[in-house]
Amino acid sequence: MLRPFSFVAVLFFLCFTACRDDETFHNDPSSPLNIKADTLYFDTVFTQVSIGNPKSVNKQFVVVNPYNKRIKTQIELAGGEQSNYRINVDGQAGVSFGDIEILPKDSVFVFVEMYAPKIGQNLPLIYRDSLLFTTNGSQQKVQLAAWGQDANYFLSDTLKVNTVWTAEKPYVIARYLFVPQGKTLQIKEGVQLHLAPYSWLFVEGKLEILGNSNNRVVVQGDRLQPNYEETSGQFGGIWLSYPSTENRIEYATIKNGTVGVFIDSISSNNKESLRIKNCFIRNMSFDGIASKGGRVAMQNCLISNFGRFGFLGQLGGAYDLKHNTLANYTSSQGNALVFNNIERDDYGFPTGNTYDIDFSIQNCILSGYAKDELILDIDPQKQGTAVVNHSLIKADELYDLFDQKDLNNHVSRLSFFPKFQDISNRDYRLDTLSPAIDAGRNLSPAIEKDYNDEPRNGMPDAGALEKL
């Protein structure tokens with residue numbers, strides 16, 4: 001028979017046990033799990049597979065509790081029941097698991113499979129989802145990506161031989177594709193190139209993108225939904241690195257990235273880093289073209305809607321721009337064209353290093369919402385050729401510098417507006433009353449056709465597009 005105080009003792013014991021049990025769990029929200037993966041890629045193409053039949057291989061990774069106490073976590077697919085993925089945690093299958101307990105210094109295995117979609121047509125290039133781990137109120141994530149179309153996929157890959165891409169199937173780059181020194185990647189007309197988020201086409205060899213006016217090469221992100229069609233920052237860009245020279249990009253549309261083309265070093269032997277013509281670069285979260293000391297010739301190109309600069313020639317170089325339209329009507333923060341030959345530190349102060357620079361701007365349009373669309377940060381001691389003529393430029397502060405009392409020069413103040421047909425729909429053809437009509441001059445050698453391969457007749461218009 002229990003003594004009178006025994007009931008109180010039992011309650012105390014149970015409470016004490018529960019409290020000690022709570023103390024055995026690691027409850028610090030700032031201490032994450034050690035997850036042995038950040039992204040899982042499934043490289044199987046999902047075509048003509050029955051509903052519910054997993055076509056992918058089974059991927060697995062380990063989740064480690066690195067602490068001296070037990071820990072609880074919740075594991076779930078962000079896409080829930082609608083996800084094309086399924087997971088298995090320590091032998092249990094499903095899409096969501098609550099209060100998964102991991103012992104001190106122990107781990108659990110997570111298995112992931114990709115299941116075939118319900119519809120086998122018009123598949124996206126990449127099926128994405130993520131695994132969410134919620135531990136003590138803090139969240140960690142593992143990305144999931146599976147190839148969804150019959151395409152050519154490159155995941156952290158390097159070209160071993162000279163390679164030609166043709167338009168039979170799309171090409172998809174995840175993370176990077178590297179073109180090493182001595183190798184050439186040639187991309188023919190009509191090719192559709194898609195880059196996953198944070199991915200780059202990185203070139204130390206040679207790149208030739210050779211579209212034509214009837215069948216352009218398109219470089220864009222890998223999201224094909226309508227709301228991503230004109231959204232910036234979806235991938236890295238094209239990166240031309242030393243010792244790459246004599247690259248060509250013709251009749252291409254490059255859109256929705258971070259930088260359209262980045263040239264990171266001075267050209268060797270005074271060879272051109274890049275010759276680019278009849279291209280449309282738009283919706284870049286940073287720059288359309290950015291060059292550090294490179295040599296770039298650009299003609300009949302459109303660059304629009306950029307977060308920082310349309311064209312940046314930094315730390316010297318040589319730049320020849322003819323019949324281009326650089327226009328930014330998304331923000332007043334970006335500038336159409338910037339040339340710089342003065343190295344500056346993070347605070348904007350000169351470091352003392354300056355570089356040789358040559359530039360020519362002929363028959364161009366530089367327009368947008370910024371006060372000055374042309375910015376020159378130039379040490380004149382290192383400036384060689386500096387030609388600016390027959391161009392319509394919104395640049396109030398530089399008016400006196402380039403105004404040679406020649407009305408045909410068309411370097412304009414803030415009142416200038418080019419009168420494009422419809423900037424809201426990216427239509428940069430000239431309106432009937434545009435001051436850019438007949439504002440150019442005949443060049444030598446002549447540029448006889450415009451961006452669309454339409455003839456330039458008589459006195460040419462400024463910009464990439466001739467008024468028909």
Side-chain angles (χ1 to χ4, degrees), residues 125 151-152 154 163-173 177 179 184-196 199-203 205-222 224 229-232 234-240 244-263 272-291 294 296-306 310-311 320-327 426-428 447 449-454 463-465:
L125 287 163
N152 301 289
F154 299 89
T163 302
V164 178
W165 288 355
T166 54
E168 285 78 11
K169 295 192 292 187
Y171 296 80
V172 183
I173 296 173
L177 175 63
V179 182
T184 297
L185 172 61
Q186 188 177 95
I187 301 177
K188 293 289 194 177
E189 67 274 5
V191 166
Q192 300 282 323
L193 171 57
H194 302 268
L195 289 93
S199 299
W200 294 84
L201 174 56
F202 189 81
V203 180
K206 184 182 291 187
L207 175 67
E208 295 180 342
I209 297 179
L210 305 176
N212 60 52
S213 59
N214 296 317
N215 203 6
R216 295 178 178 272
V217 173
V218 178
V219 180
Q220 60 183 316
D222 65 355
L224 305 184
E229 188 173 348
E230 298 294 332
T231 301
S232 66
Q234 295 183 45
F235 60 94
I238 298 171
W239 189 326
L240 306 178
S244 180
T245 57
E246 299 180 312
N247 299 285
R248 295 166 59 196
I249 302 179
E250 300 177 2
Y251 297 94
T253 297
I254 305 172
K255 65 176 187 173
N256 305 337
T258 302
V259 179
V261 183
F262 176 53
I263 302 158
E272 279 183 347
S273 308
L274 172 65
R275 178 168 291 269
I276 180 169
K277 57 182 287 189
N278 296 72
C279 291
F280 194 174
I281 300 175
R282 67 178 185 263
N283 301 336
M284 295 295 145
S285 57
F286 271 69
D287 307 324
I289 295 177
S291 168
V296 180
M298 181 171 77
Q299 72 177 48
N300 280 340
C301 288
L302 292 156
I303 301 179
S304 71
N305 297 358
F306 37 84
F311 189 111
D320 184 14
L321 278 61
K322 296 173 181 174
H323 276 299
N324 300 293
T325 297
L326 281 67
R426 304 175 300 282
D427 185 350
Y428 296 100
I447 298 178
K449 295 183 178 181
D450 73 352
Y451 168 83
N452 286 320
D453 272 359
E454 298 292 345
L465 290 157

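A donor-acceptor pair under 3.5 Å links the side-chain atoms of Y171 to the main chain of T166, judged by distance alone.
Taking each heavy atom of A151 and P170 in turn, the nearest pair found is CB-O, 3.4 Å. Taking all atoms of both residues into account, the shortest heavy-atom contact from G463 to T325 is CA-OG1, 3.3 Å. Of all non-hydrogen atoms in S199 and L195, the two that sit nearest each other are O-CD2, 3.5 Å.
The line from CG of N283 to CZ of R426 is 7.0 Å long, rounded to the nearest 0.5 Å. Atom-to-atom distance recorded for M284:CE and I254:CD1 is 6.5 Å, nearest 0.5 angstrom. For the atom pair CD of E250 and CD of E189, the computed distance is 11.5 Å after rounding to the nearest 0.5 Å.
By the 30° and 60° cut-offs, the orientation of the rings of W165 relative to F154 is parallel.
In this structure, K255 and E229 have side chains that are in contact, with non-hydrogen atoms separated by less than 4.5 Å. Two residues are said to be in side-chain contact when any heavy atoms from C-beta on lie closer than 4.5 Å; Q299 and D320 fail this criterion. Side-chain contact between L185 and L201: present, with at least one pair of heavy atoms (C-beta onward) separated by less than 4.5 Å. In this structure, N324 and I303 have side chains that are not in contact, with every pair of non-hydrogen atoms separated by 4.5 Å or more. The shortest side-chain heavy-atom distance between F306 and S232 does not fall under the 4.5 Å cut-off. Taking the side chain as every heavy atom from C-beta outward, M298 and I281 never approach each other to under 4.5 Å.
Other residues, nucleotides and ligands place no more than 12 heavy atoms under 6.0 Å from the CZ atom of F286. Summarising the local packing, CD of E230 is surrounded by more than 12 heavy atoms from other residues, nucleotides or ligands at distances under 6.0 Å.
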message: Between L465 and L302, is the side chain to side chain contact (heavy atoms under 4.5 Å, CB included) condition met? List the steps.
response: CA-CA 9 Å; L465 290 157; L302 292 156; 4.3 Å; yes
field: Worked verdict on L224 versus H194 for side chain to side chain contact (heavy atoms under 4.5 Å, CB included)
entry: CA-CA 10 Å; L224 305 184; H194 302 268; 3.6 Å; yes
- request: Check the pair V179 / L207 against side chain to side chain contact (heavy atoms under 4.5 Å, CB included), numbers first and verdict last.
  value: CA-CA 8 Å; V179 182; L207 175 67; 5.9 Å; no
query: Given the rule in the side chain to side chain contact (heavy atoms under 4.5 Å, CB included) test, do Q192 and Q220 qualify, once you have shown the distances and angles that lead to the verdict?
result: CA-CA 8 Å; Q192 300 282 323; Q220 60 183 316; 3.5 Å; yes
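Residues meeting the side chain to side chain donor-acceptor pair (under 3.5 Å) test with S273, sequence neighbours left out: S267. With sequence neighbours excluded, the residues that form a side chain to side chain contact (heavy atoms under 4.5 Å, CB included) with E246 are K206, K271.
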